[in-house]
Amino acid sequence: MDETKSTKLLTKRVIVGVDQTIVQHKGSLNRQEDDYIALEVPVALVYNGISHVVMMASPKNLELFAVGFSLSEGIIESSNEIRSIEIVESCNGGIEVQIELSSRRFMGLKERRRNMTGRTGCGICGTEQLEEIFRPITPLPFTQTFSLSNLDKALEQMTTVQEIGELTGCTHAAVWLSPEGEMQGGCEDVGRHVALDKLLGMKAQEKWNEGAVLVSSRASYEMVQKAAMCGAEILFAVSAATSLAVEVANKYNVTLVGFCRRGRATVFTHPQRLTN
């Protein structure tokens, strides 16, 4: 077989975060068709000139990502503590999100980074490392309710935020639901954690408090923790939940629901917020 016939040739015409791709074999080795693949690029979050983390993400809604990540990671307590956000193209196709924090918050971030740098020893056994995993989050109050009869409607609406996913089948979605099950807004990304961070940034921007989060993925402990950090009392996941996710949800009073499908769902924690 001629190896060139089994090679995918890419063109660099970007369409809303998607690369158009020429696929040389799709059903037939001698047939060419246009197709799309989702962009995945390195995104560096830079706080007051210091690079903090690099994430692989879809290059859209990056301002929301900056706000949501900063909130869900405990770097800030309010979006008002961000002075400015600038998106800058970087080397090797990457992007820098340059975030200017208030002086007080930046000093706190520097102290946190200094403490983490000074740690040594086993990451499993070290008490300090485990304390970093389980953040000191105040358990959430029980102010929200949601009727499971509205979940089917919410699941149908979720796909409307996945413009890239519709073309590529390659993205996760995270959406905010009203107590009546209406989608208030949502975000997509090739990474499920990034999609959630973008949504949490949107939640802060829109000042949504009443309602619940729905994600198209499984629920890991990080996702439960991010939801709790941003005051989301109810988290619905289309797929499974891990054992640590359930433990964290119990600890922080998050109602965690997995395997959300038409006509069914599995409630893991705090079912008192849910009605039929």
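In this chain, residues are counted from 1 in sequence order. Everything numeric here is computed off the predicted structure, so don't read it as measured data.
- Using modelled atom types, one side-chain atom of E233 and one backbone atom of Q144 make a donor-acceptor pair closer than 3.5 Å.
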Which is it for L256 and H270 under the side chain to side chain contact (heavy atoms under 4.5 Å, CB included) test, yes or no, and what are the steps along the way?
CA-CA 7 Å; L256 178 59; H270 301 294; over 6 Å; no
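- For N253 (side chain) and L140 (main-chain N/O), a donor-acceptor pair under 3.5 Å exists by modelled atom type.
- Within the 4.5 Å cutoff, no side-chain heavy atoms of C170 are placed close to those of E40.
- V267 and L244 sit in two unconnected hydrophobic clusters of ILVMFWY residues. Membership requires side-chain heavy atoms under 4.5 Å apart, directly or through other members.
- One N or O on the side chain of K198 and one on the backbone of K60 form a donor-acceptor pair closer than 3.5 Å.
- Distance check, rounded to the nearest 0.5 Å: OH of Y36 to OG1 of T168 gives 11.0 Å.
- Looking only at side-chain heavy atoms (C-beta outward), D197 and K226 come within less than 4.5 Å of each other.
- The CG atom of L45 sits 14.0 Å away from the CD1 atom of I50 when rounded to the nearest 0.5 Å.
- For E166, the CD atom is loosely surrounded, since the number of other residues' heavy atoms within 6.0 Å does not exceed 12.
- The number of heavy atoms from other shown groups lying within 6.0 Å of CD (Q272) is above 12.
- Looking at T269, its side chain never comes within 3.5 Å of a backbone N or O of V246 through a donor-acceptor pair.
- One distance of note links CD of E77 with OG of S70; it measures 12.5 Å at 0.5 Å rounding.
- Under a hydrophobic-cluster definition in which Ile, Leu, Val, Met, Phe, Trp and Tyr are linked whenever side-chain heavy atoms come within less than 4.5 Å, directly or via other members, F268 and V248 are assigned to the same cluster.
- Inter-residue side-chain proximity for L151 and C260 is flagged as met; some heavy-atom pair is nearer than 4.5 Å.
- Residues L199 and V215 fail the side-chain proximity criterion, which asks for heavy atoms closer than 4.5 Å.
- Residues L200 and M229 have side chains not in contact (no heavy-atom distance under 4.5 Å, counting atoms from C-beta outward).
- Aromatic ring pairs are classed by plane angle as parallel below 30°, tilted from 30° to 60° and perpendicular above 60°; the pair F69 and H52 is perpendicular.
- At least one donor-acceptor pair under 3.5 Å links the side chain of K203 to the backbone N or O of W208.
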Side chain to side chain contact (heavy atoms under 4.5 Å, CB included) for L39 and I164? Distances and angles first, verdict last.
CA-CA 9 Å; L39 283 174; I164 298 174; over 6 Å; no
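- By the 4.5 Å heavy-atom criterion applied to side chains, V161 and M183 are counted as neighbours.
- Atoms OG and CD, on S79 and Q205 in that order, are 8.5 Å from each other to the nearest 0.5 Å.
- Between T275 atom OG1 and L148 atom CG the span is 6.5 Å, to the nearest 0.5 Å.
- In this structure, the separation between CD1 on I95 and CD on E89 is 7.0 Å, given to the nearest 0.5 Å.
- A donor-acceptor pair under 3.5 Å is absent between the side-chain atoms of W176 and the main chain of N209, judged by distance alone.
- Between the side chains of H193 and S72, not a single donor N or O lies within less than 3.5 Å of an accepting N or O.
- In terms of modelled atom types and a separation under 3.5 Å, the side chain of D189 and the main chain of G191 share a donor-acceptor contact.
- Linking Ile, Leu, Val, Met, Phe, Trp and Tyr residues whenever their side-chain heavy atoms come within less than 4.5 Å places L62 and V41 in a single cluster.
- Between M202 and Q184, the closest side-chain pair of non-hydrogen atoms is not below 4.5 Å.
- In this structure, S178 contributes its side chain and E182 its backbone to a donor-acceptor pair below 3.5 Å.
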Should I82 and Y47 be marked as a side chain to side chain contact (heavy atoms under 4.5 Å, CB included) after you check the CA-CA gap, both sets of side-chain angles, and the distance that decides it?
CA-CA 10 Å; I82 294 179; Y47 291 93; over 6 Å; no
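- A cation-pi arrangement, defined by a distance under 6.0 Å to the six-membered ring centre and an angle within 45 degrees of its axis, is present between R273 and F142.
- No side-chain N or O of S58 forms a donor-acceptor pair with one of E188 less than 3.5 Å apart.
- With respect to the salt-bridge test (charged N to carboxylate O, under 4.0 angstrom), the residues K153 and E180 do not qualify.
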Apply side chain to side chain contact (heavy atoms under 4.5 Å, CB included) to the pair I85 and Q98, showing each step before the final yes or no.
CA-CA 6 Å; I85 299 173; Q98 298 178 355; over 6 Å; no
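- Using a 4.5 Å cut-off on side-chain heavy atoms (C-beta onward), S102 and R83 make contact.
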